[in-house]
Each structure stands twice: as structure tokens, then as C-alpha cells.
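To start, the structure under review is shown below, and the notes come after it.
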Amino acid sequence: MAGAAIKRAAKAAGGVAIEPVPDVRDRILDTASTLFYQRGVRAVGVDLVVQEAAVAKTSLYRYFPTKDDLIVSFLEREDLEFWALWDSVAAQHADDPAGELAAHMRWIGERLARANYRGCPQINVAAEFAEQDHPARQVAQRHMLALRGRLQDIARRLGVARPDPLAAQLALLVNGAFVSSALLSAEEATDVLLGALQALLAAARAGA
């Protein structure tokens, strides 16, 4: 760990290592994010995060007063990364909504094919908390609403007669893909998504 190396270097020089605040916070969040995604948030305690991040428990609580705060930060960062990728794809198809949808299906298919893929973090965490008012579940809910809103915008730009039902169908396709990686081989995920997309678009254009 970089933190351990800093401390060893400082000790050898007879000094005391003081790690930059962002480095400590980021290391805690990086470690927790990996553990949460691999094992589930309920299965991971703060003691394990402290151990794996090689920090004092007081450091963790300084930046994340509760485990819920750590979970929320994990989801919020995942949210930012997801929409950054979405926006970069969308920017390449600004005047082609059908092309944009196809491009989204391709990167989603590639994501499903990753060996370390464990599903959508937002969906995974929402499934672990039954309480509707849990802060992590609220982050996940906002993510789902944002997805529906973006798909509604694309559906309206397509000019189909009933864009809202199409957006709902597309949201089900995307979320269904994120929880169905075990049902699809790496070779077929993208083709299945593109085939389902074409079927939905054909039905929408026919006024179904």
C-alpha cells in the first residue's frame, strides 16, 4: 500500500508521515467500493474496510461518520462514473437517437461480458435494503429515475407516437440486462440487447 510506504520512508528519515487528506479518504472509499461490489454491502463491516485500507478506524469515521455514509458515497461515485460514460456515448450520436440507443446497448453488452461483473451497484444495494427511506436506497432510486428520464428524452427524439411506453420498455431492457449477466454468455450479450432494442423500436414505429 502507498500509505505504508510513506510511513516507512518517514520512519527511516526520523520523521512522522502525514498523508494528504484526499489520499486517505480516497483510499478508504476505493477499498470499501471494491469490497461492497464484490461481497455486498451488508457482508462488509467497517473493521474489514479499515483493515484492507490500512487506516485507523478514527480516520474512517472522520470522513464517513457512519457505514451508511460510506455506502452512499460508494453509490454516488458509481452514479457519476455511469453517467459520465453515458454522456460520452450520447455526445457521439447527438442527432441520431436510434444510433445512440444502439451504442448504449453495445457498451452495456461489453460491461456484462466482463469477468468481474457483479451487476449494477445501484440495483444490488437497493435489493439489500427493504427500507424505502434508507439513504442508499434513495440514491439508487434517483439513479433509476434519471435513467428513465434520459430514455424518455431519447424516445421523444425518435418521434414515435407513444414515447413514454417505449421509454419504460427500454428501462426494463437496460435494468433487466444488468441483473441477467449470468443468463447470457459473453459472446451473446450485445447481440441479444441489440435484437431486443430493434424489436422495441419496430413496434414503437408501427404504433404498437
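Quick caveat: nothing in here was measured; it's all calculated off a predicted structure.
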Audit row: Arg111, Leu85, side-chain contact (heavy atoms from CB on, under 4.5 Å) steps and yes/no:
CA-CA 12 Å; Arg111 176 166 292 198; Leu85 176 54; 3.5 Å; yes
Less than 4.5 Å apart, any side-chain heavy atom of Val174 and any of Met105?
yes
Presence of salt bridge, Arg77 and Asp26, under 4.0 angstrom:
no
Would you say Leu183 ends up clustered with Leu194 if hydrophobic residues are merged whenever their side chains have heavy atoms under 4.5 Å apart, either directly or through other cluster members?
no
Do you know the tightest heavy-atom contact between Leu158 and Ala98?
CD2-N, 3.7 Å
Hey, could you give me each pair passing side-chain hydrogen bond (donor to acceptor under 3.5 Å, both in side chains) that has a residue in residues 114-130? Not counting sequence neighbours.
none
Side chain proximity check, Asp79 to Arg142, heavy atoms < 4.5 angstrom
no
Listed partners of Leu145 passing side-chain contact (heavy atoms from CB on, under 4.5 Å), at least two apart:
Gln141
Looking at Arg25 and Tyr63, would you say the former's side chain and the latter's main chain have a donor-acceptor pair under 3.5 Å?
no
Would you give the length of the straight line joining atom CG of Leu201 to atom CD of Gln169, rounded to the nearest 0.5 angstrom?
10.0 Å
Pair listing, salt bridge (Lys or Arg N to Asp or Glu O under 4.0 Å) test, anchored in residues 184-202, at least two apart
none
Compare every heavy atom of Ala171 with every heavy atom of Arg148, then report the nearest pair and how far apart it is.
CD-CB, 4.4 Å
Mind checking the CG-CG spacing from Leu70 to Leu75? Nearest 0.5 Å is all I need.
10.0 Å
Can Arg27 and Asp23 be counted as an ion pair, charged N to O under 4.0 angstrom?
no
Scanning both residues in full, the closest heavy-atom pair of Gly109 with Ala189 reads O-CB, 3.9 Å
Give me the atom names and distance for the closest heavy-atom approach of Ala136 to Val72.
N-CG2, 3.9 Å
Output every pair passing ring pair (Phe, Tyr, Trp, His ring centres under 6.0 Å) with a member in residues 137-180, not counting sequence neighbours, ordered by first then second residue.
Phe82-His143, Trp83-His143
side-chain contact (heavy atoms from CB on, under 4.5 Å), that's the test. Do Asn175 and Leu147 meet it? Break it down for me.
CA-CA 9 Å; Asn175 285 323; Leu147 175 64; 3.7 Å; yes
Quick one: are Phe64 and Val46 in side-chain contact, heavy atoms under 4.5 Å?
no
Do side-chain atoms of Lys67 reach the backbone of Val41 as a donor and acceptor pair under 3.5 angstrom?
yes
Report the distance from atom OG1 of Thr190 to atom CG of Leu112, rounding to the nearest 0.5 Å.
7.5 Å
Please tell me whether Leu172 and Leu101 are part of a single hydrophobic cluster in this structure, the criterion being side-chain heavy atoms less than 4.5 Å apart.
no
With sequence neighbours excluded, tell me which residues meet salt bridge (Lys or Arg N to Asp or Glu O under 4.0 Å) with Asp164.
Arg156
Considering residues, nucleotides and ligands other than Asp87, do more than 12 of their heavy atoms fall under 6.0 Å from its CG?
yes
Between Leu166 and Ile154, is there a side-chain heavy-atom distance shorter than 4.5 Å?
no
Mind running side-chain contact (heavy atoms from CB on, under 4.5 Å) on Leu170 and Leu197 for me, showing each step along the way?
CA-CA 8 Å; Leu170 292 170; Leu197 171 64; 3.7 Å; yes
Do Ile28 and Val24 come within less than 4.5 Å of each other through their side chains, counting heavy atoms only?
yes
Without hydrogens or angle criteria, can the side chains of Ser33 and Asp30 be said to hold a donor-acceptor pair below 3.5 Å?
no
Which value, rounded to the nearest 0.5 Å, describes the distance between Trp86 atom CH2 and Ile108 atom CD1?
6.0 Å
Ring pair (Phe, Tyr, Trp, His ring centres under 6.0 Å) partners of residues 32-60, not counting sequence neighbours, each pair once
Phe36-Phe74
Atom pair NE2 (His93) and CZ (Arg157), whose distance is rounded to the nearest 0.5 Å
11.0 Å
Intermediate values then yes/no, side-chain contact (heavy atoms from CB on, under 4.5 Å), Asp133 and Gln138
CA-CA 7 Å; Asp133 60 348; Gln138 291 177 347; 4.1 Å; yes
Nearest heavy-atom approach of Ala155 to Pro163 is CB-O, 3.4 Å
